[in-house]
Amino acid sequence: MSESHVWDAVDTYFTDRLAPDDEALAAALRDSDAAGLPHINVAGNQGKLLQLLAQIQGARHILEIGTLGGYSTIWLARALPGDGRLVSLEYEPRHAEVAVRNIARAGLDHLVEVRVGPALESLPQLADENPPPFDLVFIDADKVNNPHYVEWAVRLTRTGSLIVLDNVVRGGRVVDADSSAPDVQGTRAAIDLIAEHPRLSGTAIQTVGLKGYDGFALARVV
């Protein structure tokens with residue numbers, strides 16, 4: 001068995017045992033696929049990790065940057081109390097339409113608001129509303145703007161909040177300081193920001209599995 005097949009088999013084993021999709025999650029993936037959305041949603045075990053992190057945080061207010069079809073949104077929203085709130089920002093109107101349907105079918109539309117448009121326009125508008133600090137921010141959008149998203153996450157959170165930045169390994173390309181690829185440049189700038197920001201304490205973890213070779217960064221606001 002090849003190395004990648006072993007990764008996939010292990011991921012499938014863990015997901016089947018610890019984070020199986022129920023009908024709402026499976027339907028969200030089916031509808032996303034039928035609508036032609038890219039296959040870049042988090043894996044099931046990664047979605048469960050997001051849910052557990054939100055629960056460990058005791059999160060009441062969650063911000064998600066990058067909705068796609070709402071699969072990760074469902075995992076996160078399920079961690080919220082009945083009076084919680086999740087704001088998810090999505091650039092593509094077509095993606096947002098699919099996500100809104102998926103979230104409603106999961107019975108979570110009373111907790112979730114999907115806002116459509118460039119996140120760097122939506123974030124200042126959100127800040128102007130003076131919302132309660134977000135307890136958790138999940139960033140999974142265009143990688144070139146990762147440092148800007150991290151900066152906004154710090155502004156919109158509080159001491160003790162958690163920031164999760166997805167897809168930071170880029171198949172190992174993140175170590176190439178000379179890369180001109182926008183996704184690598186944006187990711188490296190975000191990692192540098194986490195390393196140097198006086199209000200952030202962070203780390204990054206490599207992962208392998210159904211989503212290939214990648215990883216995520218975690219940062220706590222201090």
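Values reported hereafter were calculated over all heavy atoms of this structure, with side chains retained and with hydrogens, waters and symmetry mates removed.
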Membership question, hydrophobic clusters at under 4.5 Å side-chain separation (ILVMFWY): are [Y] and [X] in the same one?
{"X": "L76", "Y": "L123", "result": "no"}
{"X": "L165", "Y": "L120", "result": "yes"}
{"X": "V150", "Y": "I65", "result": "yes"}
{"X": "W7", "Y": "L210", "result": "no"}
{"X": "F216", "Y": "W75", "result": "yes"}

Any donor-acceptor pair under 3.5 Å linking the side chain of [X] with the backbone of [Y]?
{"X": "D135", "Y": "H61", "value": "yes"}
{"X": "D22", "Y": "A24", "value": "yes"}
{"X": "E90", "Y": "A96", "value": "no"}
{"X": "K48", "Y": "L18", "value": "yes"}
{"X": "Q57", "Y": "G160", "value": "yes"}
{"X": "N45", "Y": "F14", "value": "no"}

Listed partners of [X] passing side chain to side chain contact (heavy atoms under 4.5 Å, CB included), at least two apart:
{"X": "A77", "answer": "L86, L108, V112"}
{"X": "L29", "answer": "D21, N41, Y71"}
{"X": "S201", "answer": "V222"}

Check side chain to side chain donor-acceptor pair (under 3.5 Å) between [X] and all other residues, then give those that pass, not counting sequence neighbours.
{"X": "R105", "value": "D31, N102"}
{"X": "Q206", "value": "Y213"}
{"X": "T12", "value": "none"}
{"X": "Y13", "value": "none"}

[X] side chain near [Y] side chain, heavy-atom distance below 4.5 Å:
{"X": "L49", "Y": "V164", "result": "no"}
{"X": "V169", "Y": "T207", "result": "no"}
{"X": "P124", "Y": "W152", "result": "yes"}
{"X": "I62", "Y": "V137", "result": "no"}
{"X": "R199", "Y": "T159", "result": "yes"}
{"X": "L126", "Y": "F134", "result": "yes"}

Set of residues satisfying salt bridge (charged side-chain N to carboxylate O under 4.0 Å, His left out) with respect to D214, sequence neighbours excluded: none
Partner residues of R30 under the salt bridge (charged side-chain N to carboxylate O under 4.0 Å, His left out) criterion, sequence neighbours left out: E23
Going through the distances and angles, do L25 and R78 end up as a side chain to side chain contact (heavy atoms under 4.5 Å, CB included)? CA-CA 11 Å; L25 289 164; R78 286 178 170 176; 3.5 Å; yes
Which of D140, D142, L89, I163 passes side-chain contact (heavy atoms from CB on, under 4.5 Å) with Y149? It is D142
So that I can tick it off, tell me whether D83 and R60 are bridged by a salt bridge, with the cut-off set at under 4.0 angstrom between side-chain N and carboxylate O. yes
Would you list the pairs meeting side chain to side chain donor-acceptor pair (under 3.5 Å) in which at least one residue belongs to residues 182-193, sequence neighbours left out? R170-D183, R173-D183
Kindly give the cluster partners of I40, where membership spreads through any ILVMFWY side chain lying under 4.5 Å from a current member. L37, L68, V98
After noting the C-alpha distance and the side-chain angles of V42 and K211, does the key distance pass the side chain to side chain contact (heavy atoms under 4.5 Å, CB included) rule? CA-CA 8 Å; V42 301; K211 295 300 176 178; 6.0 Å; no
Please report the shortest heavy-atom distance between A79 and Q51, naming the atom on each side. CB-O, 3.6 Å
Under the salt bridge (Lys or Arg N to Asp or Glu O under 4.0 Å) rule, what pairs show up with a residue in residues 117-131, not counting sequence neighbours? R115-E129
